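Encoded as structure tokens, the structure appears first; notes follow it.
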Amino acid sequence: QVQLVESGGGLVQAGGSLRLSCAASGDTLSRYVMGWFRQAPGKRREFVAAMSGNGGRSYYADSVKGRFSISRDNAKNTVYLHMNSLKPGDTAVYYCAGSFNLTRTPSAFRSWGQGTQVTVSS
């Protein structure tokens with residue numbers, strides 16, 4: 001089991017940037033595909049981005065392509081989500097998660113962080 005803790009959320013104006021971090025403990029991060037998901041109030045949790053264990057492949061939701069970038073530093077057991085050109089529609093609680101397969105479905109991810117709030121004002 002791996003424990004995940006997100007940080008870096010906050011309030012930002014539209015067009016601004018944030019970097020989210022996900023610190024892992026209790027297991028070796030390179031064993032896991034790492035993903036970022038988000039959930040707005042009253043809405044279903046949705047896929048944002050994911051990266052393979054060795055960092056060789058990454059995937060993004062269409063809504064964030066060209067604006068968000070996922071990266072990982074396995075030596076530091078940390079995953080990042082760089083968010084640029086933020087829009088009010090990006091407002092949500094952001095979660096990092098780990099799985100053993102590169103998929104986009106939340107149910108495939110077994111380990112989850114507690115989430116960090118991102119609010120984008122217009």
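What you are looking at is a predicted structure, and each value in this text was computed from that prediction instead of being measured.
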- Query: Can you find a side-chain donor-acceptor pair between Ser52 and Asn54 that sits under 3.5 Å?
  - Reply: yes

Please list every donor-acceptor pair under 3.5 Å in which a side-chain atom of residues 14-25 meets a protein atom from a residue at least two apart or in another chain.
| unit_1 | atom_1 | unit_2 | atom_2 | d |
| --- | --- | --- | --- | --- |
| Ser17 | OG | Asn84 | OD1 | 3.0 |

Student check: side-chain heavy atoms of Thr119 and Gln117 closer than 4.5 Å: yes

Query - Residues Asp90, Lys87: salt bridge by 4.0 Å N-O rule - result: no

* Asked: Are side-chain N/O atoms of Tyr80 and Asp73 paired as donor and acceptor at under 3.5 Å?
  -> no

Aromatic ring pairing Phe68/Tyr94, orientation class (parallel under 30°, perpendicular over 60°, tilted between): tilted

Under 4.5 Å between any side-chain heavy atoms of Val79 and Ile70, yes or no?
yes

Handout entry: pair Tyr32-Asp27: side-chain heavy atoms closer than 4.5 Å
Key = yes

(request) Establish whether Leu11 and Leu86 are linked, either directly or via other cluster members, by ILVMFWY side-chain heavy-atom contacts under 4.5 Å. (result) no

Discussion item. Measuring only between side-chain heavy atoms, which start at C-beta, is Tyr59 closer than 4.5 Å to Leu102?
Written reply: yes

Problem set entry | Distance flag, aromatic centroids of Tyr95 and Phe109, threshold under 6.0 Å | no

So do Gln114 and Leu4 actually touch side chain to side chain, heavy atoms under 4.5 Å?
no

State yes or no: do Val33 and Val64 share one hydrophobic cluster built from I, L, V, M, F, W and Y residues joined by side-chain heavy-atom distances below 4.5 Å, directly or via other members? no

Note to self: Contact between Arg72 and Thr78 at the side-chain level, heavy atoms closer than 4.5 Å - yes or no?
What the structure shows: no

Looking only at heavy atoms, the pair that brings Ser58 and Met51 closest together is CB-CE, 4.0 Å

### Query
Taking the six-membered ring for Trp, is the centroid-to-centroid distance between Phe37 and Trp112 below 6.0 Å?
yes

